[in-house]
There are 2 protein chains.
Amino acid sequence: MSKNARDTFKQLPHKTIERLSQYRRALLICLNNNKEHIFSHEIAKIQHITPVQVRRDLMLIGYSGTLRRGYNIRELIDVIAEIIDSDQGINVAIVGMGNLGRAMINYFSGKRHKLSIVAGFDTNPDKIGQLVKGVTCYDALNMKEVIQNENIEIGIITVPVIQTTATAKQLVDAGIKGILNYTPKPVEVPENVYLEEYDMITTLEKVAFYVKMENELKDELAKK
Amino acid sequence: MSKNARDTFKQLPHKTIERLSQYRRALLICLNNNKEHIFSHEIAKIQHITPVQVRRDLMLIGYSGTLRRGYNIRELIDVIAEIIDSDQGINVAIVGMGNLGRAMINYFSGKRHKLSIVAGFDTNPDKIGQLVKGVTCYDALNMKEVIQNENIEIGIITVPVIQTTATAKQLVDAGIKGILNYTPKPVEVPENVYLEEYDMITTLEKVAFYVKMENELKDELAKK
DNA sequence: ATAGTTTTGTTAAATTTTTCACAAATAGTT
DNA sequence: AACTATTTGTGAAAAATTTAACAAAACTAT
Ligand SMILES: NC(=O)c1ccc[n+]([C@@H]2O[C@H](COP(=O)([O-])OP(=O)(O)OC[C@H]3O[C@@H](n4cnc5c(N)ncnc54)[C@H](O)[C@@H]3O)[C@@H](O)[C@H]2O)c1
Ligand SMILES: NC(=O)c1ccc[n+]([C@@H]2O[C@H](COP(=O)([O-])OP(=O)(O)OC[C@H]3O[C@@H](n4cnc5c(N)ncnc54)[C@H](O)[C@@H]3O)[C@@H](O)[C@H]2O)c1
C-alpha cells in the first residue's frame with residue numbers, strides 16, 4: 001500500500017472505521033446468498049443508517065461502484081480488508097477464561113483470516129492447560145513470555161472486576177499494543193496502548209432510557 | 001418529575017445518556033471507597049474524557065457541584081438515577097440461554113434496582129425449566145404469554161445467528177418496546193421499538209485497525 | 001432517439017458533539 | 001486583607017459527523 005493511501009486511511013473518521021467493519025460483516029452474509037452487487041440503500045437498510053452515509057464512507061475509502069448495479073460485493077469486501085486488516089495478521093489473547101472469555105472464543109474462532117485469538121490466560125489450575133476451540137489456556141503467570149513468543153498484540157480482558165487493574169498492568173508490561181476491556185472497571189494505560197472499553201450495562205441502560213421516554217410520552221398523550 | 005424536566009431530558013444527546021450510565025457506574029465504585037465528593041477531572045480521568053465534557057454533561061442534566069469540593073457523589077448518583085431509571089422499574093428478558101445469555105445474567109443480576117432480568121427463553125428442552133441466578137428459563141413457545149404476564153419491556157437477543165430474525169419478530173409480536181441484539185445479524189424492527197445492536201468483532205477490529213496504524217507508523221520511522 | 005428512472009459521487013449545508021476560554025466563586029496562605 | 005490556587009458553569013468557537021441537494025451517468029421503456 002502506498003504511503004499516501006495509508007495516510008488517508010489513518011484519518012478516516014472513527015465512526016467510519018466501525019461502520020466499515022459492519023459493512024463487511026453484512027457483505028459476507030450477502031456473498032453467501034450468491035448476491036454479486038449491492039446498492040447503497042440496501043447496505044443502509046441493513047445497518048439502520050442512510051444511503052448517503054454509506055456512499056460517503058465508501059467515497060472516503062476511495063471505492064467506486066457502478067452506476068446501475070451498485071457496488072461489487074466481492075471487491076468491496078477486499079477493499080475494506082485492505083484497510084482494516086493487517087497484512088501479516090494480528091494475534092489476540094483473552095485473559096480470563098470464564099463464561100465471557102469462552103463465549104468470545106466460541107464466537108470469534110475462525111471468523112477472520114487476519115485476526116485470531118491464539119491464546120487464553122487464567123489463574124485457575126483447573127482451566128490452565130485446557131483447550132477451547134483449539135485455543136490453549138496458559139497460566140497467567142507466563143503471560144509475558146507467551147505474549148512475546150506468540151507475537152500477541154491485542155489483549156481482551158474478561159477477568160473478575162477485582163482483577164481488572166492488575167491484569168491491564170500485566171498486559172501492558174508484556175508489551176501489548178491494544179486492549180479491549182469487557183469488565184465494568186475502567187483501566188488506565190500508557191498512551192501508546194490503544195484502549196476500548198465496553199460495558200453491556202451501559203447499552204442496556206440506554207435502551208431502558210429510551211423505552212422509558214417513549215412510555216412517558218404515551219402516558220402524557222393518554223392523559224389528554 | 002415535571003413535564004419540562006422530562007422534555008429537557010428527552011433531548012439529552014445520545015452520547016450524554018451513555019456517559020451518564022458510565023458516570024454512575026464509576027460513582028458507585030467511588031461510594032464504596034467511602035469517598036463523598038468528586039471533581040470533574042477525577043471522573044474525567046476514570047472515563048478517559050475531558051473534565052469539560054463531564055461538566056457539560058452535568059450542566060445539561062442541571063446538577064451543580066460545589067466550587068471547592070466538586071460533586072457530591074451520593075447526590076449525583078441519585079440525580080442520574082432520576083434521569084435514566086424508570087420509577088416503576090423495567091423488566092428484561094434474555095432470549096437464548098447459551099454461553100452469552102447465561103454470562104449476561106450472571107453479570108447483571110442484582111446490579112440495578114430499576115432494571116431486572118426476570119426471564120430467559122430457550123428452545124432446548126434441557127434448558128427449559130432451569131434456573132440461572134434465580135432467573136427461570138421458559139419455553140420460547142410461551143414467549144408472548146410470559147412477556148405480557150411479567151410485564152417485560154426489553155428483550156436481549158443471544159440466540160444462534162440463524163435464529164436472529166425469527167426471534168426479533170417473536171419479541172416484536174409479543175409487544176416488546178426495546179431490543180438489544182448481541183448477534184452479528186442485524187434485525188429490522190418497527191419504528192416504535194427501540195433497537196441497539198452490538199457486535200464484539202466490530203470493537204475488536206477497531207482496536208486492530210489502530211494497532212495496525214501505529215505499527216505502520218513505527219515501521220516508517222524506522223526505515224528513515 | 002427521447003424521456004423517464006435510478007443510482008452514484010460529491011460539494012455545501014446542517015447538525016451534533018466537543019473543546020476553548022474565562023468569569024465567578026471559594027478556600028487556603030502569607 | 002491581599003494574593004494564589006482550584007474548580008465550577010457556560011457562552012462561544014471549533015471539530016466531527018451527518019444530511020441535503022443535485023449533476024452526471026447508465027439503464028429501460030416508449
Ligand atoms: N458475563 C457477562 O455477560 C459480562 C458482561 C460484561 C462484563 N462482564 C465482566 O467480564 C468479566 C468476566 O465475566 P465472567 O462471567 O466470564 O466471569 P467468570 O468468573 O466466569 O470468569 C472469570 C475468569 O477469570 C479467571 N481469573 C481470575 N483472576 C484472574 C487473573 N488474575 N488472571 C487471569 N484470569 C483470572 C477466573 O479463574 C475465571 O476463569 C467480569 O469482570 C464481568 O464483570 C461480564
Ligand atoms: N459468545 C460470544 O461472545 C458472542 C459474542 C457476540 C455475539 N455472539 C452471538 O450471540 C449468540 C449466542 O452465542 P452463544 O455463544 O451464547 O451461543 P450458544 O449456542 O451457547 O447459545 C444459544 C442458545 O440459544 C438457544 N436457542 C436456539 N434457538 C432458539 C430460539 N429460536 N429461541 C430461543 N432460544 C434459542 C440454544 O438452545 C442455546 O441455548 C450467537 O448468535 C453469537 O453469534 C456471541
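Throughout, a chain's letter reflects where its sequence line sits, starting with A, and its residues are numbered from 1.
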> Rounding to a whole Å, what distance do you find between A:H37:NE2 and C:dT8:C1'?
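Distance check: A:H37 NE2 to C:dT8 C1' gives 13 Å.
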> Please figure out whether B:P51 or A:R56 has its closest DNA chain D nucleotide nearer the 5' end.
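The answer here is B:P51.
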> Atom CG of B:L12 to atom P of C:dT16: distance rounded to whole Å?
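Nearest whole value for this atom pair: 13 Å.
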> Report yes if at least one side-chain N or O of B:S64 is closer than 4.0 Å to OP1 or OP2 of D:dG9; otherwise report no.
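It does, given that an N or O in the side chain of B:S64 lies less than 4.0 Å from OP1 or OP2 of D:dG9.
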> Look at B:R24 together with B:D78 and state whether they make a salt bridge at an N to O cut-off of under 4.0 Å.
no
> Using only side-chain N and O atoms of A:R19, determine if any of them is under 4.0 Å from OP1 or OP2 of D:dT18.
yes
> Classify B:T16 by what it touches in the nucleic acid, base, sugar-phosphate, or nothing, heavy-atom distance under 4.0 Å.
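Nothing, no heavy atom under 4.0 Å.
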> Look at B:H41 and D:dT7 and indicate whether a side-chain polar atom (N or O) is within less than 4.0 Å of OP1 or OP2.
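Yes, within the criterion.
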> Whole angstroms only, please: what is the CD-P distance between A:E18 and D:dT18?
10 Å
> Is a salt bridge present between A:R69 and A:E36, judged by a nitrogen-to-oxygen distance below 4.0 Å?
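Salt bridge between A:R69 and A:E36, a charged N being under 4.0 Å from a carboxylate O: no.
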> C:dT8, C:dT19, D:dT18: which one has an atom nearest the side-chain heavy atoms of A:K15?
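Closest nucleotide to the A:K15 side chain: D:dT18.
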> To the nearest Å, how far apart are B:D57 CG and C:dT19 C1'?
13 Å
> Answer with yes or no whether the side chains of A:T203 and A:Y198 bring together a donor and an acceptor at under 3.5 Å.
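Short answer, yes.
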> Just the rounded figure in Å: distance from C1' of C:dT8 to CZ of A:R68.
11 Å
> With a 4.0 Å cut-off, would you call B:K169 and B:E188 a salt bridge?
no
> Write down the distance between CZ (B:R69) and C1' (D:dT8), rounded to a whole number of angstrom.
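Answer to the nearest Å: 13 Å.
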> C:dA25 P sits how many Å from B:Y71 OH, rounded?
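So the two atoms are 16 Å apart, to the nearest Å.
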> Regarding B:E75 and B:Y63, is there a side-chain donor-to-acceptor distance under 3.5 Å anywhere?
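Present: a donor and an acceptor within the cut-off.
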> Calculate the interatomic distance between A:L58 atom CG and C:dT10 atom P; express it in whole Å.
11 Å
> Taking for each residue the nucleotide of DNA chain C bearing the nearest heavy atom, is the 5' side occupied by B:P13 or by A:S40?
A:S40
